[in-house]
Asker: 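Below you will find the structure I want to go over with you.
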Amino acid sequence: MSNTSPTHVVGLVDGNNFFVSCERLFRPDLQHKPVVVLSSNDGCVVARSQEVKDMGIPMGVPYFQIKDIIKDKQVTVFSSNFTLYRDLSRRVFSVVRNICKTFEQYSIDEGFFLVPAAEAEAVGWQIKDTIARTLGMPVSVGLASSKTLAKYAGTLAKRGRGVCFLSSADWAVCAPTVGLGDVWGVGAQRLRAFTEAGLQTAADLMVADSALVRRRFGVEGARLQLELQGVSAYAVAIAPKLQQSIMHSRSFRSATKRRSVVEAAVAHHVRRGVEDLLERGLCAQYLTVAIRSSRYERNAPGWGSEGVCLPIPTADLFMLMQTAQAMLTRLYQTDVAYQKAGILLSGLVPATMVTAGTLWGESLVARQRKAVASTVAQLNQRFGSDAIQVGYYAPATTWQARQDVRSPAYTTRWNMLARVSAR
DNA sequence: TCTGGGGTCCTAGGACCC
DNA sequence: TCTGGGGTCCTAGGACCC
């Protein structure tokens, strides 16, 4: 399981207020000014600048609840711009990969790496400084002997100078002061279970009887205990993990009872999913379609999902589209106001591992369909999503997310490049 | 009264994360 | 009026098999 040793430690690189930093990169006038980034549909706050955190605006709060304070304190607001964030994420991590061979990307703004203990702090600074100098993006680096402790070191780094190496001696001192709720992997549910067992701090869990911990808190509890003891239970992945599933879903601008709109949304998600499959060279064995009415309505009917095992693993747009629409027919109920639709592609396997459909090889029809789908994908890549559409369609305005304050695609569209002028 | 036990596979749902 | 989207892993329970 573990691939750390006494000679190596785990590092965590973490973008500071990542989405906010991405926006500020192209709006230097917003340095040291309060900024928030909203989720899709401008629903809730998903990133906050330090100034906003200091105002006490919490993560995840619905936007409409804080509109007054936003206006009052002149907070700059952005809709999320994932095209921009993904591109900057790629650039940030390519710097880290150049410095550390063993690197595992964990999320859009975080990644783990391995480094010899003797060089830990120096490498941490090298990463932070190189990213700041070449990209202008602020990151923090935490270093310790397991992922969980590296995460904690990362929070110390953010409070301090930006790089923190948490030695076992340092950890021994602070573990009794760290509440289990602040430990990575402990959410509300596990925190309650730990509290009921009389465990309050990281130190409490570290010294608890391990057999009892395993019995009472399952494998995750046992791993958590090891990680806190500085024993790595979550390896830093050397080979990139094969992706398990691809999901596309979105809330509608407002709830709808119109079947044509729900169909169009599902079709849109199938198209996006197939683009992902083709881009990554994968085929899916299972397809799930899910639609639901408002999450916040009591006893709301109309929540439904259905999954099927496909006849063969496939990335065939036409087959997936037909299958999804057939499932939707079974799920859809008239007179339900639907709020959200999505699809899940799972059981992903590399396309190269899928043998052709029949004993005599791929049929002509299948080959033609593949050719059409790949042409459609290329055209959409070139001219923008949904320039060409296969399957059901409704104007985007009928269901697509609200994005009232989105920044331009500064780095990925020629016509939106930032302009610089000098006199 | 008592009805094998253990393995695998699949699925749905939960918990957690960013 | 307005409450995100995209992931991972684990567990429990049922079906099935020997």
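Keep in mind it's a predicted model, so treat the numbers as computed, not measured. Reminder, nothing fancy here: chain letters follow the sequence lines and each chain counts from 1.
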Asker: Looking at the rings of A/Tyr338 and A/Phe252, which for Trp means the six-membered one, are their centres under 6.0 Å apart?
Answerer: no
Asker: Describe the nucleic acid contact of A/Gln243 in one word from base, sugar-phosphate, nothing, applying a heavy-atom distance below 4.0 Å.
Answerer: sugar-phosphate
Asker: What ring-ring contact (aromatic ring centres under 6.0 Å, His included) pairs are there with at least one residue in residues 190-226 of chain A, not counting sequence neighbours?
Answerer: A/Phe194-A/Phe217
Asker: Taking only the side-chain heavy atoms of A/Met247 (C-beta and beyond), determine which of C/dG6, C/dC10, B/dC18 contains the nearest atom.
Answerer: C/dG6
Asker: Rounded to whole angstrom units, what separation is found between the CG atom of A/Asp276 and the P atom of C/dG6?
Answerer: 9 Å
Asker: Choose from B/dC18, B/dA15, C/dT3 the nucleotide whose nearest atom is closest to any side-chain atom of A/Arg190.
Answerer: B/dA15
Asker: Please list, chain by chain and in numerical order, all residues satisfying salt bridge (Lys or Arg N to Asp or Glu O under 4.0 Å) with A/Arg91, sequence neighbours excluded.
Answerer: A/Asp87
Asker: Given C/dT3, B/dC17, C/dG7, identify the nucleotide with an atom nearest to the side chain of A/Ser245.
Answerer: C/dG7
Asker: If I take atom CD in residue A/Gln285 and atom P in nucleotide B/dC9, what distance separates them, rounded to the nearest angstrom?
Answerer: 13 Å
Asker: Please state whether the phosphate of C/dG7, meaning OP1 or OP2, lies under 4.0 angstrom from any side-chain nitrogen or oxygen of A/Ser107.
Answerer: no
Asker: Choose from C/dG4, B/dC18, C/dT3 the nucleotide whose nearest atom is closest to any side-chain atom of A/Glu110.
Answerer: B/dC18
Asker: Applying a 4.0 Å non-hydrogen cut-off, can you work out what A/Ile246 is touching in the nucleic acid: base, sugar-phosphate, or nothing?
Answerer: sugar-phosphate
Asker: Determine the contact category for A/Phe18: base if any of its heavy atoms lies under 4.0 Å from a base atom, sugar-phosphate if only primed atoms, P, OP1 or OP2 are that close, otherwise nothing.
Answerer: nothing
Asker: Looking only at atom C1', what distance separates C/dC18 and B/dC2, rounded to whole Å?
Answerer: 24 Å
Asker: Rounding to an integer number of Å, can you tell me how far A/Ile108 CD1 sits from B/dC17 C1'?
Answerer: 14 Å
Asker: With distance as the sole criterion, is a donor-acceptor pair present between the side chains of A/Asn81 and A/Ser407 under 3.5 Å?
Answerer: yes
Asker: Do the non-hydrogen side-chain atoms of A/Leu84 and A/Phe26 ever get within less than 4.5 Å of each other?
Answerer: yes
Asker: Tell me whether A/Ser249 contacts the main-chain N or O of A/Gly342 through its side chain, where contact means a donor paired with an acceptor under 3.5 Å.
Answerer: no
Asker: Nearest-Å distance, NZ (A/Lys147) to P (B/dC16)?
Answerer: 19 Å
Asker: When you match A/Gln244 and A/Lys340 each to their closest nucleotide on DNA chain C, which lands nearer the 5' end?
Answerer: A/Lys340
Asker: What is the distance, to the nearest angstrom, from the CZ atom on A/Phe217 to the P atom on B/dA15?
Answerer: 15 Å
Asker: Give a yes/no on whether any side-chain N or O of A/His248 is located under 4.0 angstrom from OP1 or OP2 of C/dG6.
Answerer: yes
Asker: So does A/Ser40 get a side-chain nitrogen or oxygen closer than 4.0 Å to the phosphate oxygens (OP1/OP2) of C/dG5?
Answerer: yes
Asker: Under a plain distance cut-off of 3.5 Å, with no hydrogens placed, do A/Arg86 and A/Thr411 share a side-chain donor-acceptor pair?
Answerer: no
Asker: What nucleic acid atoms does A/Val61 come within less than 4.0 Å of, heavy atoms only: base, sugar-phosphate, or nothing?
Answerer: nothing
Asker: When you compare C/dT3 with B/dC17, how far apart are their P atoms, in angstrom units rounded to a whole number?
Answerer: 24 Å
Asker: Does the side chain of A/Asn16 pick up a donor-acceptor pair with the side chain of A/Ser140 at under 3.5 Å?
Answerer: yes
Asker: Are A/Arg250 and C/dG6 close enough that a side-chain N or O sits under 4.0 Å from OP1 or OP2?
Answerer: yes
Asker: Counting C-beta onward and ignoring hydrogens, is there a side-chain heavy-atom pair between A/Leu224 and A/Glu220 closer than 4.5 Å?
Answerer: no
Asker: What dot-bracket string describes DNA chain C from 5' to 3', counting Watson-Crick and G-U wobble pairs whose defining distances are under 3.5 Å, with [ ] for crossing pairs and | for pairs to another strand?
Answerer: ....||||||||||||||
Asker: Rounded to whole angstrom units, what separation is found between the CG atom of A/Leu224 and the C1' atom of C/dT8?
Answerer: 16 Å
Asker: Using a cut-off of strictly less than 4.0 Å, decide whether A/Ser249 has a side-chain nitrogen or oxygen near OP1 or OP2 of C/dG6.
Answerer: yes
Asker: A/Ile343 CD1 to C/dG5 P: how many Å, rounded?
Answerer: 14 Å
Asker: Could I get a table of every N or O pair under 3.5 Å where one atom is in the protein and the other is in nucleotides 11-14 of chain B?
Answerer:
none

Asker: Which residues pass the salt bridge (Lys or Arg N to Asp or Glu O under 4.0 Å) test with A/Asp182, not counting sequence neighbours?
Answerer: none
Asker: Could you give the CG-to-C1' distance, from A/Asn41 to C/dG5, as a whole number of Å?
Answerer: 11 Å
Asker: Name the residue closer to the 5' end of DNA chain C, choosing between A/Val219 and A/Phe82 according to the nucleotide with the nearest heavy atom.
Answerer: A/Phe82
Asker: Does any pair with a residue in residues 190-215 of chain A pass side-chain hydrogen bond (donor to acceptor under 3.5 Å, both in side chains), and if so which ones, sequence neighbours excluded?
Answerer: A/Thr201-A/Asp204
